[in-house]
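Just so it is clear: chains get the letters A, B, ... in the order the sequence lines come, proteins before strands, and each one is counted from 1. What you see is a predicted model, and the numbers here were worked out from it, not measured in a lab. All heavy atoms count here, side chains included; hydrogens, waters and symmetry mates do not.
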There are 2 protein chains.
Amino acid sequence: MKTTTASAVRQFPCEKCPLQEFAHFQRHEKDELEFLSGFKTGELVADAGTTFLVEGANSAHLFTVLSGWAFRYKTLEDGRRQILNYVLPGDLIGLQGSLMKEMQHSIEAMSPVILCVFQRDKLPNLFRTFPSLAYDITWLASREEQMLDEILLSVGRRTALERAAYLFAFIFQRAKSVGMVKDDKLFVPLKQQHVADTLGLSIVHTNKTLKKLAARGALRWVDRGCEVLDEAVLLDISGWQGLPKVPRPFI
Amino acid sequence: MKTTTASAVRQFPCEKCPLQEFAHFQRHEKDELEFLSGFKTGELVADAGTTFLVEGANSAHLFTVLSGWAFRYKTLEDGRRQILNYVLPGDLIGLQGSLMKEMQHSIEAMSPVILCVFQRDKLPNLFRTFPSLAYDITWLASREEQMLDEILLSVGRRTALERAAYLFAFIFQRAKSVGMVKDDKLFVPLKQQHVADTLGLSIVHTNKTLKKLAARGALRWVDRGCEVLDEAVLLDISGWQGLPKVPRPFI
DNA sequence: CGTTAACTTGACCTGGCTCAAGTAATGTGG
DNA sequence: CCACATTACTTGAGCCAGGTCAAGTTAACG
């Protein structure tokens with residue numbers, strides 16, 4: 001049975017947060033860590049396929065992803081779906097729901113996802129007592145906007161092949177920075193339907209486009225997902241410059 | 001000659017900020033206003049057609065638009081352009097440039113634009129001394145993300161006609177909340193090329209699509225721009241629910 | 001071992017693109 | 001105040017990228 005479960009026990013106390021091991025992340029000061037320990041109210045595991053944040057819901061929480069893959073999406077009334085972005089470890093989600101009345105998008109897990117849970121009504125207190133952390137949250141919001149800008153450029157102006165290449169290059173670089181790339185290869189638990197809904201294409205055309213990338217050796221469809229094999233080819237086809245290599249905060 | 005000029009004189013001291021007259025905006029507390037007066041370093045006027053924020057540049061400023069129209073955009077190396085969003089009075093711009101190393105998009109004025117200028121290196125001080133204002137900035141960043149989500153859904157999954165209808169309904173509602181709609185009509189200083197680059201379509205097809213909207217009485221092309229005439233028709237064609245009617249902060 | 005979900009493939013269609021040739025309005029220099 | 005250039009908007013013709021429909025093929029799962 002697929003569900004979302006809260007765990008009473010803390011497998012990952014903030015001082016031992018698995019995220020801080022990556023060079024990509026800015027480490028917290030000691031006092032920040034102490035504060036965050038109190039800000040955090042627990043952990044949550046969402047099974048693959050669970051929509052654990054729903055559009056329109058008034059969620060009382062804010063999350064940081066500790067591990068796993070998820071995606072943010074919106075749908076039109078007749079069911080057409082657009083995937084807005086993917087969610088990887090270190091990403092903060094549910095901020096919209098905390099600041100505005102409600103979330104305007106949903107989030108679904110693509111693999112088991114471990115979440116660090118924060119109480120949203122403690123957010124004003126965070127802003128009052130830890131300006132440095134408030135700054136980090138704003139930084140993360142701004143980064144999400146930057147990613148969306150790039151995705152929108154891609155969906156609006158790139159061809160199907162360029163768009164697909166960009167998508168996998170983008171995912172590859174993000175995953176690499178959180179240690180998910182092994183042997184220069186990356187497994188992504190995606191269905192082709194996800195790719196189609198990300199690129200704004202039909203599944204049939206997506207399939208044909210992906211075949212071309214596969215023929216170039218850029219990727220391979222395996223068991224229940226996709227293996228990204230050649231970042232250089234993807235960057236070349238898409239004409240994308242790659243992500244700026246700046247250390248980033250997390251909460 | 002088109003240029004961007006800084007004015008030594010303050011036409012709009014914060015206590016008399018023209019934006020605060022709109023019910024749509026949350027008013028500032030007295031102490032916040034005093035702080036903002038010091039945070040503000042001047043005013044700037046950008047002529048129509050000026051790109052006053054350039055991708056890649058390391059701008060030392062942060063701006064709030066006091067009046068006028070502008071748009072944010074990105075381009076691919078071969079010149080293909082995607083307009084990401086429009087900028088209206090009350091919008092905060094240049095935040096990305098302040099938080100990360102540099103801006104990843106450009107901004108161009110579509111009409112004369114009056115900007116309120118803030119010094120970016122004073123931002124950490126704002127976070128330290130006025131958590132409420134820091135919260136407002138985060139709110140604004142989150143709102144921009146929310147708008148982008150909706151635009152991406154539109155470009156990715158709506159048909160040309162729905163997309164165009166959505167765009168004008170969206171612009172109409174935003175403009176309405178800052179008092180730019182008179183007699184239920186709105187003039188927008190847009191070229192059809194802007195519309196094409198926003199919707200991810202060619203100019204030819206954009207022209208044909210706009211004709212359909214004009215035939216339905218939704219809008220009309222006039223002198224140097226477009227007049228939006230019927231919000232209801234636009235909402236109907238697009239199937240869009242409209243913007244949440246929540247009061248919003250500004251800086 | 002039958003069922004279902006996911007991926008393929010081919011045939012055909014169409015929304016949107018490109019090319020090309022207008023028209024209309026505005027702006028500029030003489 | 002006219003002549004000519006320029007910029008924006010139109011329109012038609014033909015094409016093609018990507019969509020739809022339909023029928024397989026796998027491969028996992030109960």
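- In this pair, Tyr166(B) and Phe170(B) present their aromatic rings parallel. The plane angle is below 30°, not in the 30 to 60° band.
- Checked by atom type, the side-chain pair Gln173(A)/Glu231(A) shows a donor-acceptor distance below 3.5 Å.
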Would you check, one step at a time, whether the test ring-ring contact (aromatic ring centres under 6.0 Å, His included) holds for Tyr73(B) with His105(B)?
CA-CA 6 Å; Tyr73(B) 68 96; His105(B) 60 260; 8.8 Å; no

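- When the C1' atom of dA8(D) is taken as reference, atom NE2 of His194(B) falls 12 Å away, rounded to whole Å.
- Taking the nucleotide of DNA chain C with the nearest heavy atom to each of Gly225(A) and Arg157(A), the more 5' of the two is matched to Gly225(A).
- Here Gly200(A) lies in heavy-atom contact (under 4.0 Å) with sugar-phosphate atoms only.
- Not one side-chain nitrogen or oxygen of Asn207(B) sits closer than 4.0 Å to the OP1 or OP2 atom of dC9(D).
- Side chain to side chain, Glu102(B) and Asn58(B) fail the donor-acceptor criterion of an N or O pair below 3.5 Å.
- In this structure, CG of Leu161(A) is placed 18 Å from P of dC16(D), rounded to the nearest angstrom.
- Residues Leu88(B) and Trp69(B) are in side-chain contact: their nearest non-hydrogen atoms beyond the backbone lie under 4.5 Å apart.
- Within 6.0 Å of CZ on Arg216(A) lie no more than 12 heavy atoms contributed by other residues, nucleotides or ligands.
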Begin with the C-alpha distance, continue with both residues' side-chain angles, and end with the deciding distance and a verdict on side chain to side chain donor-acceptor pair (under 3.5 Å) for Asn85(B) and Glu144(B).
CA-CA 9 Å; Asn85(B) 199 359; Glu144(B) 181 69 26; 3.1 Å; yes

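- Comparing the helix axis at one end of the helix from dC1(C)-dG30(D) to dG30(C)-dC1(D) with that at the other, each defined from 5 consecutive pairs, gives an inter-axis angle of 40° (nearest 10°).
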Reading nucleotides 20-30 of chain D from the 5' end, what letters show protein touch, with B for base, S for backbone sugar-phosphate only, - for no heavy atom under 4.0 Å?
BB------SS-

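- An OP1 or OP2 oxygen of dT11(D) is reached within less than 4.0 angstrom by a side-chain nitrogen or oxygen of Lys211(B).
- Between the CG atom of Leu186(B) and the NZ atom of Lys176(B) there is a distance of 10.5 Å, given to the nearest 0.5 Å.
- For the residue pair Glu150(B)/Trp240(B), the side-chain donor-acceptor check at 3.5 Å is satisfied.
- If you check the side chains of Glu77(A) and Gln241(B), you find a donor sitting under 3.5 Å from an acceptor.
- The CZ atom of Arg220(B) sits 13 Å away from the P atom of dT10(D) (whole-angstrom rounding).
- Along DNA chain C, the nucleotide nearest Arg163(B) and the nucleotide nearest Gln192(A) are compared for position; the residue whose nucleotide lies closer to the 5' end is Gln192(A).
- The nucleotide range of DNA chain C contacted by chain A, defined by atoms under 4.0 angstrom from heavy atoms of the protein and reported 5' to 3', is dA6(C) to dA11(C).
- The distance from atom CG of Leu167(A) to atom OG of Ser238(A), rounded to the nearest 0.5 Å, is 10.5 Å.
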